[in-house]
Each structure stands twice: as structure tokens, then as C-alpha cells.
Amino acid sequence: MTVRERLREKISAAFYRHGLLCASYPVPIILFTSASILACCYPLLRLPLPGTGPVEFTTRVRDYTVPSHEPQGDLGERPDWYRGPPVAYIQQVLVKAAVSPWDSTLVPVDVFRSPLGRVFSLLEEIRNHVHNDGSGVRSLEALCLQVTDLLPGLRRMQTVLPEHGCLLVSPGNYWQNQRELFDSDPDLLKTVHQHEPKGLHTSATLRDLLFGVPVKHTGVSLYSRKRVVTYTITMVLGSYDARFLSSLRARLRQLHPSVNCSLREDHMVHVHFKEEIGMAELIPLVTTYIILFAYIYFSTRKIDMVKSKWGLALAAVVTVLSSLLMSVGLCTLFGLTPTLNGGEIFPYLVVVIGLENVLVLTKSVVSTPVDLEVKLRIAQGLSNESWSIMKNMATELCIILIGYFTLVPAIQEFCLFAVVGLVSDFFLQMFFFTTVLSIDIRRMELADLNRRLPAEAGMPPPKPGPLRPREAPPPPRPSPYTITLQTPAFRNLRLPKRLRVVYFLARTRLAQRFIMVGTVIWIGILAYTDPAGLRTYLAAQVSEQSPLGEGGAGGLPPHLGVASVFPGPGGDPASTLSVLPAPAEPTPLPENQSQGHHGAPREGVPHQAQAPPLVPQISWGAEDEEGWRRLSFRHWPSLFSYYNITLAKRYISILPVIPVTLHLSPREAIETRHPQDTRHPPPPSLKTNDLPADLTLYKVAALGLAAGVLLVLLLFCLYRVLCPRNYGQNGVAHGRRRRGDLPCDDYGYSPPISEISPLLLRGHSMDIECLASDGMLLASCCLAGQIRVWDAQTGDCLTVIPKHGLRRSSSSGCWEQRDGGRVFDEDEGYPLRRRTTPRPALFEDQPDLTPLIDTNFDSQPPSHLLLTPPRDGFDFGGLVERAYLEHEPPSPGLTASYPSPSPPSGPPPQRRRSLGYIQPPVPQGQGTPDWESAVWAMELRGNLIAAGRSSGKLELWDAVEGSLRCSNEDGVSGITALAFLNNRIVAARLDGSLDFFTVDINKPLGLLQYRGDNIPPSPCYSSEDVISCQLTRSVQCAHQKPITVLNTHTHTYQVSQCGGQDGAICLWDVLTGSRVSHVYGHRGDVTSLVCTTSCVISSGLDDLICIWDRSTGIKLYSIQQEVGCGASLGVISESLLVTGGQGCVSFWDLNFGDLLQTVYLGQSSDGQGVRQLVVLNNAAIVCDFGSELSLVYVPSVLEKLD
Amino acid sequence: MPRLEEHCWSRSCASRVESKTFSGGNWVASRAEEMMSIVTTVLSNAYGSLHSVRAAHLIRRGLVLFTVGVVLALVLNLLQLQRNVTLFPEEVMATLFSSAWWIPPCCGTAAAVVGLLYPCIDSHLGEPHKFKREWASVMRCIAVFVGINHASAKLHFANNAQLSLTLAALSLGLWWMFDRSRSGFGLGIGTAFLATVITQLLVYNGVYQYTYPDFLYVRSWLPCIFFSGGVTVGNIGRQLAMICLCPGKCSCYFQPHANHISTC
């Protein structure tokens, strides 16, 4: 154990020093890390890039020997795959045939019928060729690659492709290599076409395979202009015999001399094919990568409380990826060649290495105190997590070590990679990521933190700043689950699901992006597989690389220099000679022979001179030399794959082609004609020659158009299904929206809006300042100082306590019906329909007695309790409890002042003079209300109105009588907030102190009445009672700044909250007086506080509503409101919150933070913010509305929720 | 509230029990029938029962799990095809839907059942799963599961015992890394046993066959795959049960966890 502890300490200290180092020199360390990453990745340059393009290597034919399996010393430029015998040797016989001279009597089919017919004799010739020398007799049967069955899925090709014998393909395969079938075939083109696959195919088709040249170049078409038919006979040889091949070549050349052929015949090309990734391999690969990205996404989403989330997420990903690259590079450097498919094991490696350490580091650093120096924060965070990081790493290394001893080569290799990857990942985490983190933390300023805080949920800041040095105990480090769990849980919006889906699609523009990405991918695929695209580039690259091809013109990219190199017998021989090496044969002989050929028909066709295109010209160019280059690069793999032979990671050798030129006379062509051939239409004009190409274009365009129309129709149907008919046609909603920016959610969706005509209570001449209610009565105070008491049920004005004059003016409520809204208009007094509201009997028969006011002022010295701040708030519970006990039994005539025991830890209390002692029978003298100062706070309980004035005076009024019952002038600083607690009053003052007053009721026996149905029944003060108000306790420095809100809630806990101007919210236990919790959430003043049994809702000047968990003090979430109306809050039920807005009130679901409904208060409500809001008995809302009061009933919402 | 959830869970348990009672040759047909009926009921109830929030949540979870199971079955079957481990009577083309049509729905149903069973058992045992409850961990778990399948299909081992032992160790490692709960282990073992028995029955009745059977009629590593699959699907199911897709319904599962957070 001690060893472990010591080890732990040492590791922690080392990490601390390392953190200091990283944070001190960020730039050099990042440079060093980048350099080491690059150095470790350098060996990767030697690895081949991934891709399926084949690689070529050219050797001479003359001294060719089959390469041995063993790598030889003089490798030179030899690629490492050039080992061992190839899969096969490809020998192609390239046949170019033409009917010459072209006769006008010939039909288009003659262009290719007789030339194709000659393939059978050629095949015969090739099959029967026997080379006989001293060593023995060789024939094609002995040399060729014997194939067995086709794959079972290719049964339809059984008639076409050879089985059980030599792999020898030619156009004759269409007719089973039988001349009779060919001759009796009425439509050759149909035969050829019937094997073509339907649809768009980019890979090799059967036609390509059999003809051996691209379709365009075969000339087997009714519209061929050149009238030269080109095809190949492809022999696939299993073994190489130079003598047989040369004798075959000589024989064919002798039979069919190619006069002007200048093809080079001394090079053979070895083509190595990469492993091909098929659909079956691709789908699991893609799946693993999708899982990998999901993992990375969910991991990096947890990075929080930093300046740049994206930057750090990128750094984390870079860390993992470059550690993998480093591991591969290092392994390559030390001679371990990766045999595993890198792309396949890569996701597993990432998952094994993981992003956890990075996230843990970030969390640890972020949760260090903000006011520390950056260096120290990094160091502390590192050292906090050092032990777990080391432990995890050791565990993983152990697991991998165990895996290494499974002695399975693949697993061993994987483990080796993983070990190197883990170590390099650790290195990068320690150097790269820590440094990036330090830079990020340094960039983050305190302002950022503060700005960010309200938006983030659930994380009280470790320390809000140096302003609060007394906050000694740092809050417990937030659990990593806090954000991920609570935020989505509570921010779930209650929207219809279909709308949510549609909004999501609209917000992210998913469809558009999918289409764009799809288009890009499609274009990429086309570009890759297009014969003119990537393959050209590959060929060019390969011929540049091939060392032997540089000698002659064959090294030129075959497709690039074609036009100028095109030699023709009637063309310019000088230019041909300059490019091509001169053919070995003397030129006169071919001239003669071709003359001989041309001479014969000269008599028959007198117009030959004026119609030069009528003589088809067979020309051999450099492009014929390696004609297979023009084929798809999947040509050979697909041919072999039909016989279940894979070319992946193997190579084939392509021998130089044997050129064969066939000139056929028109007579022969006519002889071989099938009777149906003449039925074909005459050759169309030149203009229509381009038709086929254009037709496909039109077809594609038409298809695309049809698809588009279909898509639109589909989407339309989808829209009709998803959205109701009249969706979005609600004109009222649009009209209402303009009234002010409604608070809308993330989806840009505003919940339903409605408008009601509230009951307007008029009477105040100026804006209403305070509002208080206890369910039955409603007291309001305007800026002018007038206090009015209303009946909360009917809206009658019961009492007016004017500013000037003390007499109670009995009110006569009158109301008028006006366009649906009931408006009380007291000053105008024009009753349209008078309704005599039966007042409660309680108010009816009140004797109008002069109250006996026995106000007992007991001045309590302000005890500076919090000069020496205790850790968890000052516990003034004992004091309050004593005071509470003393005053609990209402003893009549309690006039003596109780000196309070001095606090145990505070300095000796300074006694303050008692300010006033009011004699019991005071009619109006000393209890003079203070009319000069404004009413800052008001509270109503029973029929007693407590009003706190700016002068610091606390007045108690009788709500019904409108008479002043008592007043207390103990404090000098203004009372900013008031709250009733059973029979005590808590007053918060401007200087941040809390005063506890005790109200003593000395009432005659038997007159005790209870009114109201509150759970703790508030005592009713009848007018005979003697009411005394006594300051019992005072707590100073509860907040650093004035307390603005005070609230009590007596449900399960006796908790009183107060929010101050410093943005802090304190929860106090009323019984013990200790501070339960102390949270900061607002940037400005806390202007309003309400609470339910489970949470506390606060709103501040920053127009933010924060919802706190009451027991833990964790902020659940926050709602950003519009400007200027954050002050008004009310809780209707446990889960329904109502807030005021610009001329409207909004209803929120407390559990989820959803905006449920917005209710507009009347029509002319522009710019009038609701600043005060009181909920009456869970049924109605009273809010101020300029100088009016609005009484809103919200039955619909309530019914829905309860 | 918890009673309703319990009811839903017990319903899923009941369906599991029902599915167990099928046996033999008509198992596939009845399973397919059951699946069809489930689908139809889901489709018909999708809109009708949205007001009953909890049932909707359960159905949604089941659907998600079903989809996951189907996708995993398709993908992993492709992995197996490359090595020609399984041979289905019809053409073995290298396409996505190469396997028999009933394989993905069966796997999806099994995934749904197992994924719903895990949180159910957790709640019955009264010990909510708290270990690494986050989506990143779930993704990691799925990746490791796919990796195990990959290893079973692609790696060339000297003999079958070695392969099976390695896969068993990997499966246990998966459980230790991502689950570490008794109920998870027990349910995984149960799933593996049951699924292996079912596979044996299927192969015995000639529905399909393995190319190189080395353990009765199937491959010996099959239980390991089923075990890790059960753990993985259970992981997904627990995570799904924890997040709140609908208001209020998560509270049973969520509340103890929240308490756990506040206490620790």
C-alpha cells in the first residue's frame, strides 16, 4: 500500500511538473511534437497509396525468364511484386480486316460480316499450329491456361465463354466457334448485343472481353465510317514458351502480312493488380467506419467549458490519428511490413486506443479553479488525473500483452501495432494535446466563462472570480454525467414528431447535402472508372516510370500523341518516320503488295480516285501496340474472375500483340452474305452518324427528368401526409408574430399563440410598482404611492390608500362589458351594468374602530455576524430559534424589549437606540405614514399589507380598512423585499441585510378567525387586534449587494430564498437560519424568485430564467427571455411556469423547458412589458400592464396539464 | 408510473417467453408470423397509441433495437460470407441481401427482445446499470463487437480450439470493459445458450448449414459471438432506456441514476 501511495505521489508530481513545462513553453513543444510526428510518418511515404489501379512493369521479351520467388540482390527498379511466375501470359492476335475496295453495291452488314467470318479460319490456324523442334512438339493445348467451370452464377455465359479447356476468347465465341452457326445467323449485331448487360455499366462487358478492344474501336456497327473491323483473339497461356510463340507469330505474319506494321515486339508488360474491394468487403468496412465516427462524435461532444470546442475536438482526433500513423510508420521503419489490411484494422485500433484520456484530461483541467494561473491549472489538472491515466494505460498494455501471446500471427501483428500506437498516443497526449489545451485555456478569459455560464446547464462554476474571495469551499467537482444526462433530458421540446423531423431536415438541409455529396461521389466514380479519365493518367504515369519504355516512341502516353503519330499509307510518311522508328522491312514490298491489292479492283471501280474514302485503309499505329490499355482496368480481373481466379495481389504478363491484316475482296463479302443482310436499311447519311451517342444522352436526360418529376411528386405526397391541409394558413398567427420576437426554440418553432381579453383593473394613475396577493385579496401600489386593494375573485376595488389623506375611501366597484373584455373603470365611473358583488361577510360587518395599535419597537443592534466568514454560511439558527420561541405564544402586552444574546463569534454588538415607541392609543399621530418615500416592496397576508419604503420604514396596513396599523422605522436603508412567514416578516434591505420582524397580534379572545385555505393558515387580523411589530433579528452581509427578491416557501422544507443584486441566490433554512445553498447564475440582479417543491426558478436582469434543483443547488437549465421582461415569474402548478413578456404572458412546462403557449393581453399592447406577475390560487394570473392590472384566467392550459 | 413501466416490461418478457416455447421446424414459420404480427401491430398502433406515452416509448425502443439487429445481421453476415462460413442453399452472391430472408428479421427481433430485457431485469433486480452509461461507450462496444466478428471471420488460426478460446477471451473482455454487471453476464450467458440451441435445431432440421462444423453441427465460436452480441445489444438497450425520448417516462430508470450523481 505504501509503495502504491508513493508511486502515486511520484506520478502525480511528475505530471505536475510536466504540466508546468507544457504550459510554459507551448510553441516549442508543439513544434517538437509536429517534427516528431512527421519524422515517424516519413516511412509511410514508401508504402503504396491505397487504390485499385494496376501497376505495370515492362521487361524485354528477348531475355525474359520467369522471375524467381526469392528476392534477388540486383532488384534495381524491379517492383517487389515481380516475383514468381505470373498468373497467366496474355497473347493477343490483333486482327484488322476490311473489305477493300469498298463497293457501292455492298450493304452495311458487309462491313463486318466477312471480316468476322475470317476469325474461324484464324482460330483454326492458331489451334492447329504446332511447333516442332528438337526438344519436342508443342501446341497451344499444352501451353494454354486450362480452365474449368464458370462460376455458378454465370450460367447464362456458358454458351459464350469456354469451359473445360483452353482459355481462348475471340468474337467467334458468340457462335460457339462454329462457322456454320455464324453463317446461318441472320443478325450478327443482335447476337452480339443480346449478351450485353442492361443498364449503366462501367466495368468490362462480355463484348469487351470477346473483342478484346473497346466497343468504339471494333467497327462492328452499321454506321461505321472507317469500315475497318478490329478484333483480337486472346490466348491465355499458362506457361511461356518463346519458341512456340515466335513460330506462331511468324506463321501468322506469313499468312496475313501486315504491310505497314511498325509495332514494336520486344516488350512484354507485367501488370500487377491490387486487392479489389468488392461490395461485400466494402459494406462491413463502411459500417465500422460509421461506428468509429459515431464514437468520435459522441466522445468529443463531451468536451465543454473551453474556448473552442471544435478546436479541441480536432486536436483530440488529430492526436489519435497521428498516433496511429506514427505506429504504422515506426513499425515499417523497423522492418515489420504490414500484412493486414490497414483500412480494416484501423477503426479497431482507434477504438482500442480511444479518446477517453483526452476527455478526462480536458475535464480535469477545466474543473480546476478558474482564478489560478493557466500554468498551475494545467499542472493541477494533469496531476489530478495522472494516476487514472497511468492505471488505464498499464491495463491496456497488459491486455495487449496477453493478446500477443495468443501466437496467432494476425493478432500478434495487431497487438504490436496497438502497443506502438498506445505509446505514441500517450506521448502525443502528454505533449501535443496538453499544450493545445493550455493554449485554449489561456485564450479563455473570465468574461467568456461568465458569458458562457448561463447557457450551460448543470455546472456551477468552481469559482466565479476573484470578486468572491470568501467562497472558501470549492464546490464538488461536477460529475461527468451532469451535462450529458440532464441537458437533453430537460431540453426536450414538446413538438409533434413529424414537425420535429421536418424541422430537423430543414435546419440541417440534409436532403440538399445528401444530393450534393451523392453527386460528388458519383462524379468521382465516373472519373475513376472512365476510360478516358484516371486510366489515362495511370497509363501515362506508368509509361513514364517504366525504364524500358523511354527509349522509343512507345514510351509516349498512348492516347496523348495519337493524332500526330497516326501513320497512314497514303499519308505523310516523313512525319511518321520522324516519330516512329523505321520498320525493319524495306518499304517497297508493302507498297507493291498494297498496290497489288488496290490494283485489282481498279478496273472494276473507275471512280476510285474521286472517292478516296471508299477504300478502307488499315493502319497500324502506336495505339495498337498496347491495345489492351484502352480497355477497362478491370478487363483482365473480370475475365479471370469468371473462372474463380483472382488477380488480386498477383500479376499477369502481356506479350506483344501479333498483328494480322486481312483484306477481303467485295466478291468474298457478297458470297458470305446472309439473305437477310440486305434487308437492313441503306447506310444513313453522315449527319445521323452521331445519333447513337446523342441518343444515350437524351435517354439519360429523359430518365433524369422523369426521376426528378417522380421525386417532386413523392415529396409532395410526403408533404401532404406529414402536414395537415391547413397547416401554415393560419393568418392570425402570422399577424401576431410581428408583435415582438417570441421566444422560440431551437427549431425556430413557436408554440401556439392565443389572445384573450383579460379583466382589466383600472384605477391607478401611474405605473404599478408593486403587486401582492394572498389569493383572496390583491394589493397594488403604483409609482404615485397609491395602494389599492382589490378583490381577487371579482376584480372589485375594495380599498384605496391614497398618497394624500389617510381616510379610507370605500370603493364602489363598477365594471363594464366592452368587446369581450371586462374593464374596470373606476375614475370615470360610468357604470353600464352595475353588479353588486356580494362581499365576503368578513368585510361587511367590520366595525370601523380606531385601531388600538400597540407597536412594540425593539431595536436590535445590527450584529456584524459575517465579518469572519464561516465556511458554509453563518448559522444564526440559534438566535432565530430563541426569538421564535419567545414570540411563539402571542402574549398580550409584550412591550418589553428583549436584548438579544450576542453572537458567539461576532464582535460585541453596537446597541442602537430605539427609534420609537408608539403608545397604544395612537389615532394618527406617531404612526404617520411616510408619504415622502416610495413604496419599494409590498406583501399581503391575511388582511394585512406590509409595505416597505425606500426610507427603510416598514408599515403594516389594514387591507380592508385602509388604515395604518403600525410602522417600524428601525432601519435606515430602504426595504427592497418583504416576505411573510407565519407571523414574522422578513425584510431585506438595500444594504444587503436581512431583518426579521415579529408581528404580535393581541386580539380579544373569541374573535380569532381563520380565513383562507392556505396550509399554514395565516392568522386573520381583525381590526380590534393590537398589532405590534418588533424587530427581532437582523443579519447583515447576507449578500454583498442589495437583496432584491425575497421569497418564502413552506412546503416540505422551511426554506427561504433570497436573491441579491450580485446575482447570487441563497437558500436559507428558516428554522435554523442556516444557509442551505448559495448559487450564482445571473450576471445582473436577481429580480424574481419562485419555487416549487422540487426546484427554484429565478430570473434576473439578464433576462434569463434559471431553474435550479432545490435540494442540490444544481442548475437544471435556463431559458433566455426577451429583453426587459425577465422580472415577472409565477408558478401555477408544479410544472407550469408563467412569465411575462411584451404585452403577453407565456406559459412554460417546467419539466422540459418547453414554451407551451403565449397569451396576448389585449390588442394594443405594443411595448408594454409585464413586469409584475402574481398567481392567484392557481387559477388566475394578475399582471401589471402599465397603469392597469390584468386578471387572466387560464383554464385551458390548466385543464390540459392537470 | 413505475407500475405502467413494469407492465410494459413484463409484456416484453412475456413475448420472450412465448418465443421460447416455439421449437423445431415450425419455429421459423411461427417466428416469422410473430414478427409479421408485431410489425402490423406496431404499424397500426403507431399512431393510435401515441397518447399512451409509455407504450410508445417501448415500441420506439423496440423499433430502434430491431433496426440495429437487422443492420448488424446483414453486415456481419457479409463478413462471414467472405470466408464462406455459412452456405445458404440459394446463390451466394456477394450482395448485401445474400442471406436467407428470414435471418435479418429474426436477428432484429432477438435484438429487440434482448435489448428490452436488459433494462427490465435491471429494474427488477433494483440495481440500475451505471457503469459507463454514455453513447460513446456504446459505440465503442459496438465497434468491439464488430471487431470480434471480424476476427472470427477473417483471422486464420491454427485450429478451431485456438480460435474459440481467443474469441471467448475477447467476449469476456467486452463484458468486462462495457458491462461489469451480474445481470448482464447472466443474460449474456442465457442468450448465448438459447441462441446456440436454436441454431443447432435449425441446422439439424436442415434450414441451413455451416461449411466447417466443428461443434456438433455448428461452429464452436458461435456461443462467444452470441454472448458478446447479447452484451452489446443489452448495452444499447440500457442506453436507450435511459434517455428520455418522451416526457416523464424515463423517470423510473433515470431517477436512481440522478440520485447516484448527486450523491457521488
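First the proteins, then the strands, lettered A, B, ... as listed; each starts at 1. In what follows, every heavy atom counts, from backbone to side chain, and hydrogens, waters and symmetry copies are set aside.
A:Ile291 is listed as a side-chain neighbour of B:Val146, based on a closest heavy-atom distance under 4.5 Å.
With rounding to the nearest 0.5 angstrom, the CD1 atom of A:Ile399 is 10.0 Å from the CG atom of B:Leu170. The OH atom of A:Tyr297 sits 10.5 Å away from atom CE of B:Met139, with the distance rounded to the nearest 0.5 Å. If you take OG on A:Ser299 and CD on B:Glu134, they are separated by 7.5 Å, rounding to the nearest 0.5 Å. Atoms OG and OH, from B:Ser137 and A:Tyr295 in turn, are 8.5 Å apart once rounded to the nearest 0.5 Å.
Nearest approach of A:Tyr348 to B:His150, heavy atoms of both residues: OH-ND1, 3.1 Å.
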